[in-house]
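Accompanying notes for the structure given below.
In listed order, ligands and their atoms are each counted from 1. One-based numbering along the sequence shown. Keep in mind it's a predicted model, so treat the numbers as computed, not measured.
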Amino acid sequence: MELNICHLYPDLLDLYGDRGNILALAARCRWRGIEPVIQQASLGEALDFMRMDILFLGGGSDREQGLLVQDLMRREKELRSAIENGLVVLSICGGYQMLGRYYQMASGEKIQGLGIIDIWTVAGAKRLIGNVVVEIEIDKSFRTLVGFENHSGKTYLGEGIRPLGKVLFGHGNNGDNREEGVHYRNVFGTYMHGPLLPKNPLFTDMLLELAMLRRGSNTRLKELDDRLEELAHKAMVKRLLK
Ligand code: GLN
């Protein structure tokens, strides 16, 4: 079996090790005999969202968001239908903001977003930086995610839009309401860099399982030996929540 994973704008959206998320997805596929087919696409390059299993959008500064917005808007219709069709998307920070209605920079100027999810972002006076621990629900049990955030944007969710999780340590979406990220259909938006997936193998597997389920395969993923990953994860949780 193959899984098609696409890193969109790898040259513009890739901060604080974001590319490690692609490496983690690919490694955890390979370790189970699933072949990851990695595709990269940037400005002006052709893409077929319908043939994709997982789309990854990393973080980028305001400058990069401004550079890619026109190209991204050109892809809005196709991406929207793929998302409504269950495409698995992981989007971090700048990429996460671009899925929403707009990002208003500190100058007051707005960068238009795709508007696929009813969220919006406004730059605050102080940057929200540091390690984060977030509680999310996976398979009906509460688990933690660890990551690192660095953003000035404060993101707000429209009515009925669910956050990804609850902030146990750090700032999250806006530093005010203890909410972190967004979860809409199979789209996961978050401020967690780090990179997120190598630090949180459980979450990585959840994305892989969703992608496989969409392909019609409901076999559970083979267990892997995650002792080292779990130790690293626990060490961060312990340090931050002590
Ligand atoms: N430019 C955005 C902000 O500062 C995103 C930053 C990022 O992706 N780390 O809010």
What's the shortest distance from atom 4 (O) of ligand 1 to any protein heavy atom, and which residue and atom give it?
-> Ser152 N, 3.0 Å

re atom 5 (C) of ligand 1, the protein heavy-atom contact at minimum distance is Gly60 O, 3.2 Å

Apply the test side-chain contact (heavy atoms from CB on, under 4.5 Å) to residues Ile34 and Leu221: give CA-CA distance (whole Å), side-chain angles for both, the deciding distance (0.1 Å), then the verdict.
-> CA-CA 10 Å; Ile34 302 166; Leu221 287 172; 3.9 Å; yes

With under 30° as parallel and over 60° as perpendicular, where do the rings of Phe203 and Phe188 fit, or are they tilted in between?
-> perpendicular

Polar proximity ligand 1 side, Gly153 side, N/O cut 3.5 Å exclusive | yes

If you round to the nearest 0.5 Å, how far is CE of Met73 from CG of Leu68?
-> 11.0 Å

Of all protein heavy atoms, the one nearest atom 1 (N) of ligand 1 is Asp62 OD1, 2.4 Å

Would you give the length of the straight line joining atom NZ of Lys154 to atom OG1 of Thr121, rounded to the nearest 0.5 angstrom?
-> 11.5 Å

Contact check: Gly59 vs ligand 1, nitrogen or oxygen atoms, below 3.5 angstrom = no

Hey, does Arg127 sit under 4.0 Å from ligand 1 if you only count heavy atoms?
-> yes

Against heavy atoms of Gly94, which atoms of ligand 1 measure under 4.0 Å?
-> 5 (C), 7 (C), 8 (O)

For ligand 1, which atoms sit closer than 4.0 Å to a heavy atom of Gln97?
-> 2 (C), 3 (C), 5 (C), 10 (O)

Polar atom proximity, Ser61 to ligand 1 (N or O, under 3.5 Å) | no

Roughly how far, to the nearest 0.5 Å, is CD of Glu35 from CG of Asn4?
-> 9.5 Å

Rounded to the nearest 0.5 angstrom, the CD-CD1 distance for Glu84 and Ile116 is 8.0 Å

Touching ligand 1 at all, Tyr191? Heavy atoms, strictly under 4.0 Å?
-> no

Would you give the length of the straight line joining atom CG of Leu55 to atom CD1 of Ile5, rounded to the nearest 0.5 angstrom?
-> 11.0 Å

Does any N or O atom in Gln65 lie less than 3.5 angstrom from one in ligand 1, N or O only?
-> yes

Does one side chain, of Tyr9 or Asp14, offer a donor that lies under 3.5 Å from an acceptor on the other?
-> no

Between Thr155 and Asn174, is a side chain to side chain donor-acceptor pair (under 3.5 Å) present by the stated rule, with each step listed?
-> CA-CA 5 Å; Thr155 298; Asn174 49 52; over 6 Å; no

Short question: side chain of Asn200, backbone of Leu202 - any donor-acceptor pair under 3.5 Å?
-> no

Where is the nearest protein heavy atom to atom 7 (C) of ligand 1: which residue, which atom, and how far?
-> Cys93 SG, 2.7 Å

For ligand 1, which atoms, with element, lie under 4.0 Å from some heavy atom of Leu15?
-> 7 (C), 8 (O), 9 (N)

Under 3.5 Å, N or O to N or O, is Tyr16 touching ligand 1 that way?
-> no

For ligand 1, does Ala123 get within less than 4.0 Å through its side chain, its backbone, both, or neither, judged by non-hydrogen atoms?
-> neither

Using a strict cut-off of 4.0 Å, indicate which atoms of ligand 1 neighbour a heavy atom of His193.
-> 9 (N)

Out of curiosity, is Met105 lining ligand 1, as in a heavy atom under 4.0 Å away?
-> no

With backbone taken as N, CA, C and O and side chain as the heavy atoms from C-beta onward, which portion of Asn150 lies under 4.0 Å from ligand 1: side chain, backbone, both, or neither?
-> backbone

Asn186 and side chain to side chain contact (heavy atoms under 4.5 Å, CB included): which partner among Val88, Ile54, Asn85, Leu87?
-> Val88

